[in-house]
Amino acid sequence: MNRAPTRTALRLAALPAALLLGDLIFRAAGLGALGAGSRRDPRVALTFDDGPGPRTPDLLAVLAAHGAPATFFVTEPACRAHPGGLRDLHAAGHQIEAHGRWHRHALRLTPWQEWAQIAWHPHPDRCGPHLYRPPYGGHSLLTRPIAHLTGRQIALWDVESRDWTAQPAAALAAHTLAHIRPGSVILLHDGPQVTPELLGALLTGLRERGLTPVTLNDLRPHRIGLREGWARLRGSYGR
């Protein structure tokens with residue numbers, strides 16, 4: 001009996017299972033990535049993905065009005081399109097890290113493209129650590145090995161602002177503040193029209209709760225272990 005077709009079919013079926021397992025372990029659970037900071041320290045980190053862009057000056061104005069630092073994960077196309085925005089982020093003293101050469105999920109990149117995606121950084125000559133936040137938090141099976149080989153640390157988050165939805169700023173702020181704890185890393189985006197107003201409401205709410213915004217470097221996030229990973233996994237799938 002020729003078993004070759006059966007073995008081939010099993011191998012083909014194993015690939016989606018391996019990709020799903022990688023998604024569960026590295027994106028949803030986040031094992032080994034940088035997550036939240038100390039839950040005993042009343043500080044949080046505001047992080048912005050996808051910029052710089054036309055909305056960057058508005059975000060900088062709100063941050064300056066509240067005296068709050070933040071961390072911006074920028075993309076190469078956005079930096080090329082808005083070099084002034086990148087200079088303004090740097091001049092304002094905010095932390096600037098990498099969101100990749102393309103805003104694509106890791107599974108939509110070839111291995112050599114993913115290498116270029118992760119290796120790119122807006123300030124490669126700066127003293128490290130150099131952080132990389134994968135678009136959508138997405139991982140392939142090569143994401144972590146490539147990050148290790150290129151000297152990058154994967155930085156995720158534990159609270160989503162959902163500023164990409166159509167909800168008003170007040171509703172988004174209430175939802176976000178309900179999930180924030182000391183040490184939280186909050187995901188926002190440099191682009192949506194609602195984000196500057198949402199940011200102002202968040203900063204006011206954080207101050208009322210006695211929480212101080214800092215950069216990711218100052219927050220000193222720890223690597224996600226099994227216990228936190230399991231909690232993230234349950235939260236990711238609505239449990």
Side-chain angles (χ1 to χ4, degrees), residues 21-49 63 68-74 93-100 106 117-119 121-124 126-162 175-189 202-203 205-207 209-237 239:
L21 182 62
D23 180 74
L24 289 172
I25 294 173
F26 299 120
R27 182 198 63 80
L31 292 182
L34 296 178
S38 170
R39 298 301 188 186
R40 299 178 181 179
D41 189 344
R43 302 193 297 174
V44 298
L46 297 165
T47 68
F48 296 85
D49 287 5
L63 290 167
T71 302
F72 287 78
F73 288 89
V74 300
H94 298 293
Q95 183 177 345
I96 304 171
E97 300 293 350
H99 200 38
Q117 166 90 328
I118 296 173
H121 195 279
H123 297 299
R126 188 200 70 197
C127 293
H130 291 93
L131 306 184
Y132 168 65
R133 175 172 285 170
Y136 315 104
H139 280 67
S140 76
L141 297 178
L142 296 176
T143 303
R144 295 300 179 87
I146 293 174
H148 176 73
L149 290 171
T150 56
R152 303 295 184 252
Q153 295 184 20
I154 305 292
L156 298 178
W157 61 89
D158 66 312
V159 177
E160 286 195 50
S161 68
R162 299 185 180 181
H175 177 272
T176 305
L177 288 166
H179 288 81
I180 291 173
R181 296 186 289 158
S184 282
V185 176
I186 305 153
L187 171 63
L188 300 110
H189 294 85
L202 287 178
L203 287 166
L206 292 174
R207 183 173 60 250
R209 295 175 58 179
L211 295 172
T212 302
V214 296
T215 65
L216 268 181
N217 279 348
D218 287 338
L219 187 70
R220 301 180 66 182
H222 60 255
R223 293 193 180 276
I224 298 169
L226 288 173
R227 178 185 238 173
E228 184 179 351
W230 174 242
R232 290 172 62 93
L233 185 63
R234 288 187 300 166
S236 295
Y237 293 97
R239 294 180 59 189

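Model, not experiment: these values are computed from the prediction. Residue numbers run from 1 in the order of the sequence given.
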**Request:** Answer yes or no: is there a donor N or O on one side and an acceptor on the other, between the side chain of Ser184 and the main chain of Val159, under 3.5 Å?
**Result:** no

**Request:** Compare every heavy atom of Ile180 with every heavy atom of Arg209, then report the nearest pair and how far apart it is.
**Result:** NH2-O, 2.8 Å

**Item:** Rounded distance [0.5 Å steps], CG in Leu226 versus CG in Leu31
**Value:** 6.0 Å

**Request:** If a pair satisfies side chain to side chain donor-acceptor pair (under 3.5 Å) and one of its residues is in residues 144-156, list it, with sequence neighbours excluded.
**Result:** His139-Arg144

**Fill in**
Nearest heavy-atom contact between Pro213 and Pro69 is O-CD, 3.5 Å

**Message:** I need the minimum non-hydrogen distance between Ala155 and Phe73, along with the two atoms involved.
**Reply:** CB-CZ, 4.0 Å

**Message:** Within the 4.5 Å heavy-atom criterion, are Ile118 and Leu149 side-chain neighbours or not?
**Reply:** no

**Asked** So, for Ala106 and Thr143, which heavy atoms are closest and what is the spacing to 0.1 Å?
**Response** CB-OG1, 3.8 Å

**Message:** Using a 3.5 Å distance criterion without hydrogens, assess whether the side chain of Arg133 forms a donor-acceptor pair with backbone atoms of Thr47.
**Reply:** no

**Request:** Tell me, please, which residues at least two apart from His130 pass side-chain hydrogen bond (donor to acceptor under 3.5 Å, both in side chains).
**Result:** none

**Prompt:** In Å, rounded to the nearest 0.5 Å, how long is the span from NE2 of His121 to NE2 of His99?
**Reply:** 13.0 Å

**Prompt:** Hey, what do you get for CG (Leu216) to CD (Gln95), rounding to the nearest 0.5 Å?
**Reply:** 5.5 Å

**Item:** Residue pair Trp157 / Tyr136: nearest heavy atoms and the distance that separates them
**Value:** CH2-C, 4.2 Å

**Prompt:** Judged by atom type as modelled, is there a donor-acceptor pair below 3.5 Å linking the side chain of Glu97 to the main-chain atoms of Leu131?
**Reply:** yes

**salt bridge (Lys or Arg N to Asp or Glu O under 4.0 Å) pairs, two or more places apart, involving residues 29-48** = Arg39-Asp158, Asp41-Arg43

**Asked** Counting only N and O atoms by type, is there a donor-acceptor contact under 3.5 Å from the side chain of Ser161 to the main-chain atoms of Leu187?
**Response** yes

**Request:** Please report the C-alpha distance between Leu177 and Leu202 in whole Å, then the side-chain angles of each, then the deciding distance to 0.1 Å, and finally whether the side chain to side chain contact (heavy atoms under 4.5 Å, CB included) criterion is met.
**Result:** CA-CA 7 Å; Leu177 288 166; Leu202 287 178; 3.8 Å; yes

**Asked** So which heavy atom on Ile154 is nearest to which on Ala147, and how close?
**Response** CD1-CB, 3.9 Å

**Complete:** The reported gap from CG in Leu233 to CZ in Arg27 (rounded to nearest 0.5 angstrom) is 9.0 Å

**Prompt:** Does the side chain of Pro134 reach to within under 4.5 Å of the side chain of Leu156, using non-hydrogen atoms?
**Reply:** yes

**Prompt:** Taking atom OG1 of Thr71 and atom CG of Leu188, what is their separation to the nearest 0.5 Å?
**Reply:** 11.5 Å

**Donor-acceptor pair, side chain of His222 and main chain of Leu34, under 3.5 angstrom** = no

**Interatomic spacing from CG in Leu211 to CD1 in Ile186 - rounded to 0.5 Å** = 8.0 Å

**Message:** So does Ile96 get a backbone contact from the side chain of Arg126, meaning a donor-acceptor N/O pair under 3.5 Å?
**Reply:** yes

